[in-house]
Amino acid sequence: MLTLRRPSVLPGFRLTLGTTLFYLALIVLIPLSAAFAKTLSMTWEQFWMTVTAPRVLASLRLSFGAAFIAALVNAVFGLLVAWVLVRNPFPGRRIVDALVDLPFALPTAVAGIALTAVYAPNGWLGAPLAALGIKVAFTPLGVLVALIFIGLPFVVRTVQPVLEDMEKELEEAARLLGARPFQVFMRIVLPTLMPALLTGFTLAFARAVGEYGSVVFIAGNMPMVSEIAPLVIISKLEQYDYPGATALAVVMLLASFVMLLAINLLQGWMRRRNAQERNV
Amino acid sequence: MAAVLDKPLPEAAPRRVARPIGRPPSRSRWMPIALTTVALAYVTIALFVPLAAVFVEAFRKGIAHYFASISEPDALSAIRLTFTAAAIAVPANLVFGVSAAWAIAKFDFKGKAILITLIDLPFSVSPVVSGLVYVLMFGLQGWFGPWLQAHDIKIIFAVPGIVLATIFVTFPFVARELIPLMQAQGRDEEEAAVALGASGWQTFWRVTLPNVKWGILYGVILCNARAMGEFGAVSVVSGHIRGTTNTLPLHVEILYNEYNFAAAFACASLLAFLALVTLVIKTVVERRFLKAAR
């Protein structure tokens, strides 16, 4: 690696890159490879039986399905919140802007018990919803509510800077040429924001798939109904079923790698798009 | 042609010509108001309400019960362990973050993009999986399990495991804040300092550090918030031994599962307060310094 770098007058390359690689290997790479090594001790059939067991499949379906819907909800409302924060000044805007990051800062367990209190049948929002016949806490709907909460900042924070940089002239020109507001939004605003929106969606989705703390309190954790995949890993661990827990963990790790790749590609697209716009 | 121009224009036309160019015609008034209302309603239901619920539930049984809940020995030992874990994890990740940012921002080498992706990796791994991999390494059935047992060293279900899991989940925070910042600042100042005879450490302390100190503070604050609040990863490696391996979030869980809701929310309110302080510092740093630097 040392021979592959371009020469520089600055010192400290060996020291800093050495520290970085050593620490990265020690904390991240070796432990993660332990998970893959552990599954190698299983036969393919054992692995397949474990990850396609009905309870495991149901949990994967819930984790991925609820994460997808939550990311979709956050894409729509996150775009709306970002739009309002950038384009429609209102009193208290700064407080709302700062508070959008709350799900990043608030420990997931705290979010979990707070959401459970709010959406329990006797809670502030749970009671009126129960009167309408909608049960949120201790159902798959509760999982969705928790995942919407933790994914909320991603779309807002990826869309907001692009929206701030966006030239208003194009929209105004379109309006002067007779486009309706909806047409301006669909043909000009949305295409410009699309890379950022997709990046935010994928980030929110990736976070929600593996989420544990905020979900376990509100979900009710009924096997086959409201049990998420990370919880199945924990319950397998508690039964000392290490291979089973690891097999499921490897499936989730592979999913995270795919999503990480998708995020990288999307961000590259975003950067190229922004560079293009600046050149035009 | 002249005849057409001589014809008097309709009444409204001159006003339309006088309209400032570039302002779209007939912008409706109610649209922005409606959008703002919906957005605020969403933020209120999704964020304000749960946050308020934490504090309301915490004081449900009165102030005396609140202070009793957060000052009982198990709660105090949980607070102490939470601070200990953060006090090790944050400096460790700070040193790593600074050295990774120096290597990546100040030098060109092959495989840089892969390195950056690998640094971000812990963010996309489920917290439960993060805890699990350490169990596979250091647990009784893990790679080093038998050796550790023979030498009477406990990592899993003990404090070192909690610290390791905390380091893993907060691994990227400082690095991912510093890398873009130092890349944007370039290398000219450091190269000038070195050319004038400064040593590497002098260059770092006197030239680089003053330029990136707010970025470092920003990364450290976020890293600390996550370190003190981590639940899933720590939960897997801790073993939930009261008074010994319980961090504050795990203590909240135990109290909650014992239906001791007021005490659970009292301890949770401490973490919520920490989150609010984090947001305030973050906002101030962002407004004052990062925007100017970027």
Side-chain angles (χ1 to χ4, degrees), chain A residues 1 4-6 8-13 16-17 19-20 23-24 27-28 31-32 34-35 38 77 80-81 84 88 90 96 98-99 101-102 105-111 113-115 117-118 124 148-149 152 172 175-176 206 210 212-213 230 233-234 242 245-246 249 252-253 256 259-260 264, chain B residues 22 24-25 32 35-36 38-39 42-43 46-47 49-51 53-54 57 96 99-100 102-103 106-110 117-118 121-122 124-129 132-134 136-137 141 143 167-168 171 187 190-191 194 200 225 229 231-232 236 249 252-253 256 264 268 271-272 275 278-279 283:
Chain A
M1 196 154 236
L4 290 176
R5 79 177 169 108
R6 250 191 260 156
S8 162
V9 297
L10 294 176
F13 181 69
T16 53
L17 190 67
T19 311
T20 304
Y23 191 70
L24 181 70
I27 298 291
V28 180
L32 286 183
K38 182 85 186 175
F77 283 95
L80 177 67
V81 171
V84 166
N88 297 356
F90 57 90
V96 173
L99 207 79
D101 281 331
L102 182 72
L106 194 69
T108 52
V110 177
I113 63 170
L115 289 169
V118 170
W124 292 345
I148 289 174
F149 176 86
L152 191 143
E172 285 166 356
R175 289 285 280 136
L176 285 169
Y212 173 70
I233 296 181
I234 293 220
Y242 286 83
T246 315
M252 299 207 67
L253 269 178
S256 344
M259 286 183 288
L260 198 64
N264 270 340
Chain B
L35 288 178
T36 310
V38 176
Y42 181 68
V43 170
L47 299 178
V49 170
L51 182 64
V54 174
E57 295 289 331
F96 157 74
S99 75
W102 181 271
K106 304 296 177 194
F107 299 96
D108 292 312
F109 54 90
K110 285 255 168 76
T117 307
L118 288 176
L121 190 57
S124 46
V125 175
S126 169
V128 170
V129 177
L132 171 73
V133 294
Y134 285 104
L136 295 178
M137 293 263 292
Q141 306 192 6
W143 281 356
I167 290 179
F168 183 97
F171 184 84
R187 302 162 194 179
E190 281 83 4
E191 282 168 358
V194 169
F231 177 70
V236 172
V252 169
E253 183 202 17
Y256 190 88
L271 291 164
T278 304
L279 287 186
T283 309

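Only this structure's heavy atoms are used, side chains among them; waters, hydrogens and symmetry mates stay out. Residue numbers start from 1 in every chain, and the chains themselves are labelled A, B, ... in the order their sequence lines are given, proteins ahead of strands.
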**Q** Does any heavy atom of chain B fall under 4.5 Å from the side chain of A:Val81, the backbone, both, or neither of them?
**A** both
**Q** For the interface with chain B, which of A:Pro31, A:Ala114, A:Ala111, A:Ala109 has the highest count of heavy-atom pairs at distances below 4.5 Å?
**A** A:Pro31
**Q** From B:Phe96 CZ over to A:Thr16 OG1, what is the distance, rounded to the nearest 0.5 angstrom?
**A** 11.0 Å
**Q** If you compare all heavy atoms of A:Asn88 against all heavy atoms of B:Pro32, which two are closest, and at what distance to 0.1 Å?
**A** ND2-O, 3.2 Å
**Q** For A:Ser8, is it the side chain, the backbone, both or neither that has a heavy atom under 4.5 Å from a heavy atom of chain B?
**A** side chain
**Q** Just by distance, do the side chain of A:Ser256 and the backbone of B:Ser124 share a donor-acceptor pair under 3.5 Å?
**A** yes
**Q** Chain A: which of B:Ala272, B:Pro122, B:Pro50 shares the most heavy-atom pairs with it under 4.5 Å?
**A** B:Pro50
**Q** Considering only heavy atoms and a distance below 4.5 Å, find which of A:Asp101, A:Thr19, A:Val9 pairs most often with chain B.
**A** A:Asp101
**Q** Looking at A:Leu80, A:Leu32, A:Ile113, A:Leu260, which has the largest count of heavy-atom pairs under 4.5 Å with chain B?
**A** A:Ile113
**Q** Run the side-chain contact (heavy atoms from CB on, under 4.5 Å) check on A:Phe77 and B:Val43 step by step: do they pass?
**A** CA-CA 9 Å; A:Phe77 283 95; B:Val43 170; over 6 Å; no
**Q** Report which part of B:Val49 has an atom under 4.5 Å of a heavy atom belonging to chain A: side chain, backbone, both, or neither.
**A** both
**Q** What distance do A:Leu253 atom CG and B:Leu121 atom CG have between them, rounded to the nearest 0.5 Å?
**A** 8.0 Å
**Q** If you measure from CG on A:Leu115 to CD1 on A:Ile148, what distance do you get to the nearest 0.5 Å?
**A** 10.5 Å
**Q** Given a strict heavy-atom distance threshold of 4.5 Å, which part of B:Pro127 is in contact with chain A: side chain, backbone, both, or neither?
**A** both
**Q** Below 4.5 Å from any heavy atom of chain A, which atoms of B:Thr36 appear? Answer side chain, backbone, both or neither.
**A** both
**Q** Between A:Val110, A:Ile233, A:Leu10, which shows the greatest number of heavy-atom pairs under 4.5 Å with chain B?
**A** A:Leu10
**Q** Measuring from atom CE of A:Met259 to atom CE of A:Met252, what distance do you get when rounded to the nearest 0.5 angstrom?
**A** 7.0 Å
**Q** Could you label the plane-to-plane angle of the B:Phe171 and A:Tyr23 rings as parallel, tilted or perpendicular, counting under 30° as parallel and over 60° as perpendicular?
**A** parallel
**Q** Could you tell me which portion of A:Leu152 (side chain, backbone, both or neither) has an atom closer than 4.5 angstrom to a non-hydrogen atom of chain B?
**A** side chain
**Q** Which bit of B:Glu57 comes within less than 4.5 Å of chain A, counting heavy atoms only: side chain, backbone, both or neither?
**A** side chain
**Q** Under a 4.5 Å heavy-atom cutoff, which of B:Val129, B:Val54, B:Val236 has the most pairs with chain A?
**A** B:Val129
**Q** Counting only heavy atoms closer than 4.5 Å, note whether A:Val118 contacts chain B via side chain, backbone, both or neither.
**A** side chain
**Q** Any non-hydrogen side-chain atom of B:Leu47 less than 4.5 Å from a side-chain atom of A:Phe149?
**A** yes
**Q** For B:Val252, is it the side chain, the backbone, both or neither that has a heavy atom under 4.5 Å from a heavy atom of chain A?
**A** side chain
**Q** Mind ranking B:Leu271, B:Thr283, B:Thr278 by heavy-atom pairs under 4.5 Å with chain A and telling me who comes out on top?
**A** B:Leu271
**Q** Rounded to the nearest 0.5 Å, what separation is found between the NZ atom of B:Lys106 and the CZ atom of A:Phe13?
**A** 14.0 Å
